[in-house]
S.K.: 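Here's a structure for you.
Order of appearance sets the numbers: ligands from 1, and atoms from 1 within every ligand.
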Amino acid sequence: APAACVAARRARALPLRSQLLASAARGDSAGGGGAGGGAVTGLLELCKEACDELSVLVRLVYGGLSASEATLKADQSVFTIADGLVQHLLLTALLRDDVLGAVVGEEDARVNVATRPYTVDALNVPERLWAPIDTARARLAQLGARARAQHDAGAAPLRALTAFVDPIDGTREFSERLGEMCTVCIGLAEDGVPVGGLVYRPLTNPPTWAYGCAREGVARSRLLSRADSLSLATCAERPSECAPLPDLAECGDAPPPAGAQGLLASRGGVSAFVRALGHELPATLVRSGGAGNKALLLLEGAGACYIQDRGLFRWDTCAAQAVLEAHGGLLVKLSALAARGVAESYRYAKVDVQLDLEPGLARLTLHNAADVRSVPRSGAGNEVRYAQRADETKPYANVCGVCALAPSAAARLDEYAAAIGRARASHEMEIS
Ligand SMILES: O=P(O)(O)O[C@H]1[C@H](O)[C@@H](O)[C@H](OP(=O)(O)O)[C@@H](OP(=O)(O)O)[C@H]1O
Ligand SMILES: [Mg+2]
(Lines give C-alpha, C1' and ligand atoms only; values in the text may rest on other atoms or scores of the structure.)
(Ligands and ions follow the chains in the order given, each with its own letter.)
Protein backbone atom coordinates (compact mmCIF):
# COMPACT_ATOMS: atom_id res chain seq x y z
CA ALA A 1 0.00 0.00 0.00
CA PRO A 2 2.71 2.61 0.80
CA ALA A 3 4.37 2.01 -2.57
CA ALA A 4 1.08 2.41 -4.40
CA CYS A 5 0.33 5.46 -2.31
CA VAL A 6 3.56 7.12 -3.28
CA ALA A 7 3.24 6.17 -6.93
CA ALA A 8 -0.29 7.54 -7.07
CA ARG A 9 0.74 10.69 -5.27
CA ARG A 10 3.55 11.21 -7.73
CA ALA A 11 1.25 10.78 -10.68
CA ARG A 12 -1.25 13.27 -9.31
CA ALA A 13 1.18 15.77 -7.88
CA LEU A 14 3.88 16.01 -10.51
CA PRO A 15 2.82 19.07 -12.46
CA LEU A 16 2.54 21.30 -9.39
CA ARG A 17 5.46 19.61 -7.76
CA SER A 18 7.75 20.08 -10.72
CA GLN A 19 6.72 23.72 -11.01
CA LEU A 20 7.61 24.30 -7.40
CA LEU A 21 10.83 22.41 -7.65
CA ALA A 22 11.77 24.21 -10.83
CA SER A 23 11.26 27.53 -9.13
CA ALA A 24 13.36 26.37 -6.20
CA ALA A 25 16.00 25.08 -8.58
CA ARG A 26 16.28 28.43 -10.32
CA GLY A 27 18.09 29.73 -7.30
CA ASP A 28 20.23 27.47 -5.16
CA SER A 29 20.60 29.05 -1.74
CA ALA A 30 16.95 30.09 -1.93
CA GLY A 31 16.56 29.30 1.73
CA GLY A 32 19.88 30.51 2.96
CA GLY A 33 22.60 33.03 2.56
CA GLY A 34 26.27 33.52 2.95
CA ALA A 35 28.44 34.26 -0.01
CA GLY A 36 31.66 33.68 1.83
CA GLY A 37 33.16 30.55 3.26
CA GLY A 38 36.35 28.95 4.46
CA ALA A 39 37.88 25.53 4.79
CA VAL A 40 34.73 23.80 6.02
CA THR A 41 32.58 25.40 3.35
CA GLY A 42 35.10 24.38 0.70
CA LEU A 43 34.81 20.77 1.77
CA LEU A 44 31.02 20.96 2.00
CA GLU A 45 30.88 22.26 -1.56
CA LEU A 46 32.85 19.20 -2.67
CA CYS A 47 30.53 16.96 -0.63
CA LYS A 48 27.52 18.51 -2.30
CA GLU A 49 29.03 17.91 -5.74
CA ALA A 50 29.77 14.34 -4.70
CA CYS A 51 26.14 13.85 -3.70
CA ASP A 52 24.98 15.27 -7.03
CA GLU A 53 27.03 12.52 -8.64
CA LEU A 54 25.98 9.81 -6.20
CA SER A 55 22.33 10.67 -6.57
CA VAL A 56 22.49 9.28 -10.12
CA LEU A 57 23.76 5.97 -8.77
CA VAL A 58 21.35 5.95 -5.82
CA ARG A 59 18.47 6.51 -8.23
CA LEU A 60 19.57 3.53 -10.30
CA VAL A 61 19.85 1.28 -7.25
CA TYR A 62 16.49 2.45 -5.93
CA GLY A 63 14.77 2.03 -9.29
CA GLY A 64 15.62 -1.65 -9.55
CA LEU A 65 16.06 -2.70 -5.93
CA SER A 66 15.36 -6.37 -5.42
CA ALA A 67 15.32 -8.48 -2.28
CA SER A 68 18.70 -9.96 -3.18
CA GLU A 69 20.27 -6.48 -2.88
CA ALA A 70 19.25 -6.01 0.75
CA THR A 71 19.69 -7.78 4.03
CA LEU A 72 19.17 -7.27 7.77
CA LYS A 73 21.95 -6.13 10.07
CA ALA A 74 22.58 -7.65 13.49
CA ASP A 75 20.21 -5.16 15.12
CA GLN A 76 17.54 -6.16 12.59
CA SER A 77 17.71 -2.85 10.71
CA VAL A 78 17.72 -2.91 6.91
CA PHE A 79 20.91 -2.66 4.86
CA THR A 80 21.03 -2.36 1.08
CA ILE A 81 23.81 -2.21 -1.45
CA ALA A 82 23.12 1.55 -1.67
CA ASP A 83 24.26 2.01 1.96
CA GLY A 84 27.48 0.12 1.30
CA LEU A 85 28.26 1.66 -2.07
CA VAL A 86 27.62 5.28 -1.10
CA GLN A 87 29.69 5.06 2.08
CA HIS A 88 32.51 3.24 0.32
CA LEU A 89 32.70 5.74 -2.53
CA LEU A 90 32.58 8.74 -0.18
CA LEU A 91 35.19 7.38 2.21
CA THR A 92 37.66 6.01 -0.30
CA ALA A 93 37.56 8.95 -2.71
CA LEU A 94 36.63 12.14 -0.89
CA LEU A 95 36.39 11.89 2.89
CA ARG A 96 39.68 10.12 3.32
CA ASP A 97 41.20 9.84 6.75
CA ASP A 98 44.59 10.86 5.38
CA VAL A 99 43.05 14.24 4.53
CA LEU A 100 40.62 14.60 7.41
CA GLY A 101 41.59 13.85 10.98
CA ALA A 102 39.15 10.95 11.26
CA VAL A 103 36.07 9.49 9.62
CA VAL A 104 33.17 7.64 11.23
CA GLY A 105 30.67 5.89 8.95
CA GLU A 106 27.52 4.03 9.88
CA GLU A 107 28.30 0.94 7.85
CA ASP A 108 31.06 -1.62 8.23
CA ALA A 109 30.42 -3.62 5.08
CA ARG A 110 33.21 -4.98 2.92
CA VAL A 111 32.76 -3.43 -0.50
CA ASN A 112 34.51 -4.64 -3.63
CA VAL A 113 34.21 -2.29 -6.58
CA ALA A 114 37.77 -2.86 -7.73
CA THR A 115 37.33 -6.21 -9.44
CA ARG A 116 34.24 -7.33 -11.26
CA PRO A 117 31.82 -8.81 -10.26
CA TYR A 118 31.26 -6.09 -7.67
CA THR A 119 30.01 -7.10 -4.22
CA VAL A 120 28.85 -5.56 -0.95
CA ASP A 121 29.50 -8.12 1.76
CA ALA A 122 27.69 -11.21 0.49
CA LEU A 123 25.38 -9.20 -1.76
CA ASN A 124 26.06 -9.19 -5.48
CA VAL A 125 25.94 -5.81 -7.17
CA PRO A 126 23.91 -6.23 -10.38
CA GLU A 127 25.79 -5.78 -13.62
CA ARG A 128 23.65 -2.82 -14.68
CA LEU A 129 25.32 -0.82 -11.87
CA TRP A 130 28.94 -1.61 -12.64
CA ALA A 131 29.55 1.13 -15.22
CA PRO A 132 27.62 3.78 -13.21
CA ILE A 133 29.73 2.87 -10.17
CA ASP A 134 32.90 3.36 -12.22
CA THR A 135 31.63 6.74 -13.38
CA ALA A 136 30.78 7.85 -9.84
CA ARG A 137 34.10 6.63 -8.52
CA ALA A 138 36.06 8.52 -11.17
CA ARG A 139 34.14 11.72 -10.54
CA LEU A 140 34.52 11.44 -6.76
CA ALA A 141 38.23 10.81 -7.20
CA GLN A 142 38.48 14.18 -8.97
CA LEU A 143 36.67 15.82 -6.06
CA GLY A 144 38.98 14.00 -3.66
CA ALA A 145 41.98 15.36 -5.53
CA ARG A 146 40.61 18.87 -5.04
CA ALA A 147 40.17 18.22 -1.31
CA ARG A 148 43.71 16.92 -1.11
CA ALA A 149 45.02 19.96 -2.98
CA GLN A 150 43.33 22.22 -0.43
CA HIS A 151 44.86 20.14 2.31
CA ASP A 152 48.36 20.07 0.81
CA ALA A 153 48.29 23.81 0.16
CA GLY A 154 47.76 24.22 3.86
CA ALA A 155 44.92 26.55 3.11
CA ALA A 156 42.41 24.20 4.60
CA PRO A 157 42.91 22.87 8.10
CA LEU A 158 41.00 19.71 7.29
CA ARG A 159 43.06 17.59 9.69
CA ALA A 160 41.14 19.07 12.58
CA LEU A 161 37.86 17.66 11.26
CA THR A 162 36.11 14.36 11.97
CA ALA A 163 33.47 13.40 9.43
CA PHE A 164 30.32 11.53 10.48
CA VAL A 165 28.72 9.84 7.50
CA ASP A 166 25.33 8.21 7.14
CA PRO A 167 25.32 7.07 3.51
CA ILE A 168 21.57 6.45 3.39
CA ASP A 169 19.68 7.80 6.37
CA GLY A 170 16.25 6.21 6.25
CA THR A 171 17.21 2.83 4.82
CA ARG A 172 13.86 1.46 5.95
CA GLU A 173 12.16 4.08 3.81
CA PHE A 174 14.51 3.28 0.92
CA SER A 175 13.37 -0.31 1.07
CA GLU A 176 9.69 0.62 1.47
CA ARG A 177 9.56 2.78 -1.66
CA LEU A 178 9.53 6.00 0.33
CA GLY A 179 12.88 7.06 -1.03
CA GLU A 180 12.07 10.77 -1.00
CA MET A 181 12.53 10.58 2.79
CA CYS A 182 16.10 9.31 2.46
CA THR A 183 19.12 11.52 2.90
CA VAL A 184 22.87 11.33 2.61
CA CYS A 185 24.23 12.95 5.78
CA ILE A 186 27.77 14.26 6.06
CA GLY A 187 28.63 16.04 9.29
CA LEU A 188 31.97 17.64 10.12
CA ALA A 189 32.99 17.98 13.75
CA GLU A 190 35.93 19.76 15.35
CA ASP A 191 36.86 19.27 19.00
CA GLY A 192 33.67 17.26 19.41
CA VAL A 193 31.44 20.03 18.07
CA PRO A 194 29.54 19.83 14.75
CA VAL A 195 30.86 22.74 12.69
CA GLY A 196 29.58 21.92 9.25
CA GLY A 197 27.14 19.62 7.54
CA LEU A 198 25.31 18.59 4.42
CA VAL A 199 21.94 16.85 4.37
CA TYR A 200 21.02 15.75 0.85
CA ARG A 201 17.87 14.02 -0.45
CA PRO A 202 19.03 12.14 -3.57
CA LEU A 203 15.59 10.84 -4.51
CA THR A 204 13.42 13.92 -4.67
CA ASN A 205 13.19 15.20 -8.21
CA PRO A 206 15.41 17.15 -8.44
CA PRO A 207 17.44 16.41 -5.33
CA THR A 208 16.92 18.74 -2.37
CA TRP A 209 19.55 19.64 0.16
CA ALA A 210 20.91 22.06 2.71
CA TYR A 211 24.41 22.64 3.92
CA GLY A 212 26.05 25.13 6.15
CA CYS A 213 28.76 26.17 8.52
CA ALA A 214 27.66 28.69 11.15
CA ARG A 215 31.13 29.96 12.01
CA GLU A 216 31.88 30.68 8.36
CA GLY A 217 28.52 32.38 7.96
CA VAL A 218 27.32 29.98 5.29
CA ALA A 219 23.83 28.50 4.99
CA ARG A 220 22.76 27.28 1.57
CA SER A 221 19.90 25.13 0.41
CA ARG A 222 17.54 23.97 -2.25
CA LEU A 223 14.40 22.88 -0.47
CA LEU A 224 10.81 21.88 -1.13
CA SER A 225 7.97 24.31 -0.74
CA ARG A 226 6.13 23.92 2.57
CA ALA A 227 3.18 22.27 0.82
CA ASP A 228 5.37 19.74 -0.95
CA SER A 229 7.38 19.20 2.20
CA LEU A 230 4.24 18.36 4.19
CA SER A 231 3.12 16.07 1.42
CA LEU A 232 6.44 14.25 1.48
CA ALA A 233 6.55 14.14 5.27
CA THR A 234 3.23 12.47 5.68
CA CYS A 235 2.76 10.39 2.54
CA ALA A 236 3.28 7.14 4.39
CA GLU A 237 0.56 8.06 6.83
CA ARG A 238 -2.17 8.27 4.24
CA PRO A 239 -4.86 5.69 4.77
CA SER A 240 -5.21 4.84 1.08
CA GLU A 241 -3.71 5.78 -2.22
CA CYS A 242 -6.76 7.79 -3.20
CA ALA A 243 -7.03 9.74 0.02
CA PRO A 244 -6.59 13.49 -0.05
CA LEU A 245 -3.88 15.09 2.03
CA PRO A 246 -4.28 13.67 5.50
CA ASP A 247 -5.57 15.46 8.52
CA LEU A 248 -2.30 16.01 10.32
CA ALA A 249 -3.82 16.21 13.77
CA GLU A 250 -2.76 12.97 15.40
CA CYS A 251 -2.75 14.04 18.99
CA GLY A 252 -5.63 11.89 20.10
CA ASP A 253 -9.02 13.00 21.32
CA ALA A 254 -8.55 16.74 21.27
CA PRO A 255 -6.85 17.95 18.09
CA PRO A 256 -4.74 21.05 18.63
CA PRO A 257 -6.15 24.32 17.37
CA ALA A 258 -5.84 25.26 13.71
CA GLY A 259 -2.49 26.82 13.04
CA ALA A 260 -0.72 24.78 15.69
CA GLN A 261 2.79 24.05 14.54
CA GLY A 262 4.02 20.65 13.50
CA LEU A 263 5.80 18.31 15.88
CA LEU A 264 7.96 15.99 13.78
CA ALA A 265 8.36 12.47 15.09
CA SER A 266 9.23 8.96 14.03
CA ARG A 267 7.34 6.85 11.51
CA GLY A 268 8.01 3.96 13.86
CA GLY A 269 6.78 3.91 17.44
CA VAL A 270 5.78 7.21 19.03
CA SER A 271 5.88 7.18 22.83
CA ALA A 272 3.11 8.42 25.09
CA PHE A 273 5.51 11.18 26.11
CA VAL A 274 5.79 12.47 22.52
CA ARG A 275 2.01 12.40 22.15
CA ALA A 276 1.62 14.25 25.45
CA LEU A 277 4.10 16.86 24.24
CA GLY A 278 1.91 17.38 21.18
CA HIS A 279 -0.94 18.28 23.53
CA GLU A 280 1.18 20.49 25.74
CA LEU A 281 2.71 22.66 23.01
CA PRO A 282 0.11 22.30 21.35
CA ALA A 283 1.26 20.89 18.03
CA THR A 284 0.05 18.56 15.33
CA LEU A 285 2.06 15.36 15.15
CA VAL A 286 3.77 14.94 11.76
CA ARG A 287 5.35 11.52 11.44
CA SER A 288 8.06 11.04 8.85
CA GLY A 289 11.10 8.87 8.24
CA GLY A 290 14.76 9.64 8.78
CA ALA A 291 16.61 12.13 10.97
CA GLY A 292 18.21 13.97 8.06
CA ASN A 293 14.87 14.26 6.30
CA LYS A 294 13.30 15.67 9.44
CA ALA A 295 16.04 18.31 9.66
CA LEU A 296 15.16 19.40 6.12
CA LEU A 297 11.45 19.31 7.00
CA LEU A 298 12.20 21.79 9.80
CA LEU A 299 13.90 24.12 7.31
CA GLU A 300 10.97 23.71 4.93
CA GLY A 301 8.39 24.60 7.54
CA ALA A 302 6.68 21.20 7.73
CA GLY A 303 7.32 21.27 11.46
CA ALA A 304 8.66 23.59 14.12
CA CYS A 305 10.08 20.93 16.45
CA TYR A 306 11.48 17.41 16.02
CA ILE A 307 11.49 15.09 18.99
CA GLN A 308 13.14 11.68 19.11
CA ASP A 309 13.34 9.85 22.39
CA ARG A 310 14.82 6.66 20.96
CA GLY A 311 17.30 5.08 18.68
CA LEU A 312 19.47 7.64 16.88
CA PHE A 313 23.21 7.66 16.33
CA ARG A 314 25.81 10.40 15.93
CA TRP A 315 25.89 9.89 12.15
CA ASP A 316 22.15 10.61 12.07
CA THR A 317 22.49 13.93 13.88
CA CYS A 318 25.95 15.45 13.25
CA ALA A 319 25.11 16.86 9.82
CA ALA A 320 21.55 17.68 10.83
CA GLN A 321 22.76 19.68 13.83
CA ALA A 322 25.36 21.64 11.88
CA VAL A 323 22.94 22.40 9.07
CA LEU A 324 20.19 23.50 11.45
CA GLU A 325 22.56 25.69 13.44
CA ALA A 326 23.90 27.32 10.29
CA HIS A 327 20.33 28.17 9.29
CA GLY A 328 19.40 29.52 12.73
CA GLY A 329 17.82 26.39 14.22
CA LEU A 330 19.21 23.97 16.77
CA LEU A 331 19.54 20.31 17.71
CA VAL A 332 20.26 19.36 21.32
CA LYS A 333 20.02 16.56 23.85
CA LEU A 334 16.45 16.03 24.94
CA SER A 335 17.57 14.98 28.41
CA ALA A 336 19.38 18.22 29.26
CA LEU A 337 16.52 20.30 27.92
CA ALA A 338 14.01 18.31 29.94
CA ALA A 339 15.97 18.25 33.18
CA ARG A 340 17.67 21.63 33.22
CA GLY A 341 16.14 23.65 30.40
CA VAL A 342 19.54 23.99 28.75
CA ALA A 343 20.65 23.47 25.16
CA GLU A 344 23.43 20.91 25.31
CA SER A 345 25.12 19.20 22.36
CA TYR A 346 26.24 15.62 22.03
CA ARG A 347 29.97 15.23 21.62
CA TYR A 348 31.06 14.09 18.18
CA ALA A 349 34.44 12.39 18.09
CA LYS A 350 35.92 9.11 16.92
CA VAL A 351 35.86 7.06 20.12
CA ASP A 352 35.68 3.54 21.48
CA VAL A 353 33.33 4.38 24.31
CA GLN A 354 30.18 6.45 24.61
CA LEU A 355 30.89 10.08 25.63
CA ASP A 356 27.42 11.17 26.71
CA LEU A 357 25.98 8.53 29.00
CA GLU A 358 23.68 9.66 31.78
CA PRO A 359 23.51 6.59 34.03
CA GLY A 360 20.01 5.22 34.49
CA LEU A 361 18.47 7.29 31.69
CA ALA A 362 18.54 5.23 28.48
CA ARG A 363 16.81 1.89 28.05
CA LEU A 364 19.03 -0.78 26.58
CA THR A 365 17.68 -2.00 23.25
CA LEU A 366 18.84 -4.27 20.44
CA HIS A 367 19.67 -1.04 18.63
CA ASN A 368 21.85 0.72 21.21
CA ALA A 369 23.28 -2.04 23.44
CA ALA A 370 26.94 -2.90 23.09
CA ASP A 371 26.03 -6.48 23.95
CA VAL A 372 22.58 -7.63 22.86
CA ARG A 373 22.62 -10.24 25.62
CA SER A 374 22.18 -7.39 28.11
CA VAL A 375 18.80 -6.54 26.59
CA PRO A 376 15.81 -8.15 28.31
CA ARG A 377 13.89 -10.42 25.96
CA SER A 378 10.69 -8.83 24.81
CA GLY A 379 7.71 -10.31 26.57
CA ALA A 380 9.78 -11.25 29.62
CA GLY A 381 7.52 -9.42 32.03
CA ASN A 382 8.13 -6.19 30.13
CA GLU A 383 11.36 -5.82 32.05
CA VAL A 384 13.33 -2.68 31.21
CA ARG A 385 17.05 -2.36 31.81
CA TYR A 386 18.73 1.03 31.86
CA ALA A 387 22.34 1.68 30.85
CA GLN A 388 24.44 2.46 33.91
CA ARG A 389 27.92 2.41 32.38
CA ALA A 390 29.20 3.99 29.17
CA ASP A 391 30.50 0.68 27.88
CA GLU A 392 27.02 -0.86 28.02
CA THR A 393 25.93 1.15 24.98
CA LYS A 394 27.37 1.40 21.50
CA PRO A 395 29.83 4.32 21.34
CA TYR A 396 27.82 6.35 18.85
CA ALA A 397 24.29 5.76 20.16
CA ASN A 398 22.50 9.01 21.02
CA VAL A 399 21.43 7.86 24.46
CA CYS A 400 20.05 11.19 25.66
CA GLY A 401 17.28 11.70 23.08
CA VAL A 402 17.08 14.56 20.61
CA CYS A 403 15.13 17.80 20.34
CA ALA A 404 15.56 20.00 17.28
CA LEU A 405 13.93 23.32 16.50
CA ALA A 406 13.33 25.08 13.20
CA PRO A 407 14.92 28.52 12.73
CA SER A 408 11.49 30.07 13.24
CA ALA A 409 11.13 28.33 16.63
CA ALA A 410 14.66 28.54 18.02
CA ALA A 411 13.97 31.70 19.99
CA ARG A 412 11.20 29.86 21.84
CA LEU A 413 13.47 27.20 23.30
CA ASP A 414 12.22 28.06 26.80
CA GLU A 415 8.62 27.41 25.79
CA TYR A 416 9.57 24.03 24.37
CA ALA A 417 11.54 23.16 27.49
CA ALA A 418 8.54 24.06 29.64
CA ALA A 419 6.17 21.95 27.52
CA ILE A 420 8.62 19.03 27.66
CA GLY A 421 8.65 19.41 31.44
CA ARG A 422 4.85 19.30 31.62
CA ALA A 423 4.66 16.29 29.28
CA ARG A 424 7.18 14.26 31.24
CA ALA A 425 5.41 15.01 34.47
CA SER A 426 2.64 12.71 33.27
CA HIS A 427 4.47 10.42 30.84
CA GLU A 428 7.94 9.00 31.22
CA MET A 429 10.31 9.81 28.36
CA GLU A 430 11.25 6.51 26.69
CA ILE A 431 14.83 7.44 25.90
CA SER A 432 16.95 4.70 24.38
O1 LIG B 1 18.20 4.44 8.28
P2 LIG B 1 19.23 4.74 9.32
O3 LIG B 1 20.47 5.31 8.73
O4 LIG B 1 19.51 3.60 10.24
O5 LIG B 1 18.66 5.91 10.20
C6 LIG B 1 17.62 5.97 11.16
C7 LIG B 1 17.06 7.37 11.14
O8 LIG B 1 17.96 8.34 11.23
C9 LIG B 1 16.01 7.53 12.20
O10 LIG B 1 15.56 8.87 12.17
C11 LIG B 1 14.92 6.58 11.91
O12 LIG B 1 13.85 6.73 12.77
P13 LIG B 1 12.53 7.44 12.25
O14 LIG B 1 12.55 7.45 10.78
O15 LIG B 1 11.44 6.58 12.74
O16 LIG B 1 12.60 8.79 12.82
C17 LIG B 1 15.37 5.17 11.93
O18 LIG B 1 14.29 4.41 11.46
P19 LIG B 1 13.82 3.01 11.99
O20 LIG B 1 14.16 2.96 13.45
O21 LIG B 1 12.38 3.03 11.69
O22 LIG B 1 14.60 2.06 11.16
C23 LIG B 1 16.50 5.00 10.95
O24 LIG B 1 15.94 5.25 9.68
MG1 LIG C 1 20.65 7.00 9.87
S.K.: Any idea which protein heavy atom is nearest atom 9 (C) of ligand 1, and the distance to it?
M.R.: Leu312 CD2, 3.5 Å
S.K.: Any idea which of Ser288, Ala291, Gly269 brings a heavy atom closest to atom 10 (O) of ligand 1?
M.R.: Ala291
S.K.: Taking all non-hydrogen atoms of both residues, which atom of Ala163 and which atom of Leu100 are closest, and how far apart?
M.R.: CB-CD1, 3.7 Å
S.K.: Could you check whether any side-chain heavy atom of Trp209 comes within less than 4.5 Å of a side-chain heavy atom of Val184, counting everything from C-beta outward?
M.R.: no
S.K.: To which protein heavy atom is atom 5 (O) of ligand 1 closest, and what is the distance rounded to 0.1 Å?
M.R.: Asp169 OD1, 2.9 Å
S.K.: Answer yes or no: is there a side-chain heavy-atom contact under 4.5 Å between Gln308 and Ser266?
M.R.: yes
S.K.: For Arg310, state whether at least one heavy atom is located under 4.0 Å from any atom of ligand 1.
M.R.: yes
S.K.: Tell me, do Leu299 and Val199 make a side-chain contact under 4.5 Å, heavy atoms counted?
M.R.: no
S.K.: Strictly distance-based, threshold 3.5 Å: is any side-chain N or O of Thr234 a donor or acceptor partner for the main-chain N or O of Leu230?
M.R.: yes
S.K.: Mark up the atoms of ligand 1 that fall under 4.0 Å of a heavy atom belonging to Gly289, in ascending order.
M.R.: 14 (O)
S.K.: Starting from atom 4 (O) of ligand 1, what is the nearest protein heavy atom, named by residue and atom, and what distance separates them?
M.R.: Glu106 OE2, 3.4 Å
S.K.: For atom 2 (P) of ligand 1, what's the nearest protein heavy atom and its distance?
M.R.: Gly170 N, 3.6 Å
S.K.: Using a heavy-atom cut-off of under 4.0 Å, does the side chain or the backbone of Glu107 touch ligand 1, or both, or neither?
M.R.: neither
S.K.: Do you know which N/O/S atom name in Asp166 is closest to the Mg ion (ligand 2)?
M.R.: OD2
S.K.: Checking contacts here: is it the side chain or the backbone of Asp166 that comes within 4.0 Å of ligand 1, counting heavy atoms only? Could be both or neither.
M.R.: side chain
S.K.: Quick check on atom 23 (C) of ligand 1 - does any protein heavy atom sit closer than 4.0 Å to it?
M.R.: no
S.K.: Taking the Mg ion (ligand 2) as the reference point, name the nearest N/O/S atom of Asp169.
M.R.: OD1
S.K.: Closest non-hydrogen protein atom to atom 16 (O) of ligand 1, residue and atom name please, with distance?
M.R.: Lys294 NZ, 2.5 Å
S.K.: Tell me: protein heavy atom nearest atom 12 (O) of ligand 1, and distance?
M.R.: Gln308 NE2, 3.9 Å
S.K.: For Gly290, is at least one N or O under 3.5 Å away from an N or O on ligand 1?
M.R.: yes
S.K.: For the Mg ion (ligand 2), does an N/O/S atom of Asp316 lie at less than 2.8 Å?
M.R.: yes
S.K.: Without hydrogens or angle criteria, can the side chains of Asp316 and Tyr396 be said to hold a donor-acceptor pair below 3.5 Å?
M.R.: no
S.K.: Looking at Leu143, Leu85, Leu54, which hits side chain to side chain contact (heavy atoms under 4.5 Å, CB included) with Leu90?
M.R.: Leu54
S.K.: Output the distance between atom NE2 (His327) and atom CG (Leu296), rounded to the nearest 0.5 Å.
M.R.: 9.0 Å
S.K.: With nothing but distance in play, are any N or O atoms of His367 less than 3.5 Å from an N or O of ligand 1?
M.R.: no
S.K.: Of all heavy-atom pairs between Leu324 and Ala404, which one has the smallest distance, and what is that distance?
M.R.: CD1-CB, 3.9 Å
S.K.: For atom 15 (O) of ligand 1, find the nearest protein heavy atom and state the residue, atom name and distance (0.1 Å precision).
M.R.: Ser266 OG, 2.2 Å
S.K.: Does even one non-hydrogen atom of Ile168 get within less than 4.0 Å of ligand 1?
M.R.: yes
S.K.: Tell me, which protein residue and heavy-atom name are nearest atom 21 (O) of ligand 1, and how many Å apart are they?
M.R.: Arg172 NE, 2.8 Å
S.K.: Can you tell which of Ile431, Asp356, Val399, Val402 makes a side chain to side chain contact (heavy atoms under 4.5 Å, CB included) with Lys333?
M.R.: Asp356
S.K.: Tell me whether Arg222 forms a cation-pi arrangement with Tyr200, defined as NZ or CZ under 6.0 Å from the six-membered ring centre and within 45 degrees of its axis.
M.R.: no
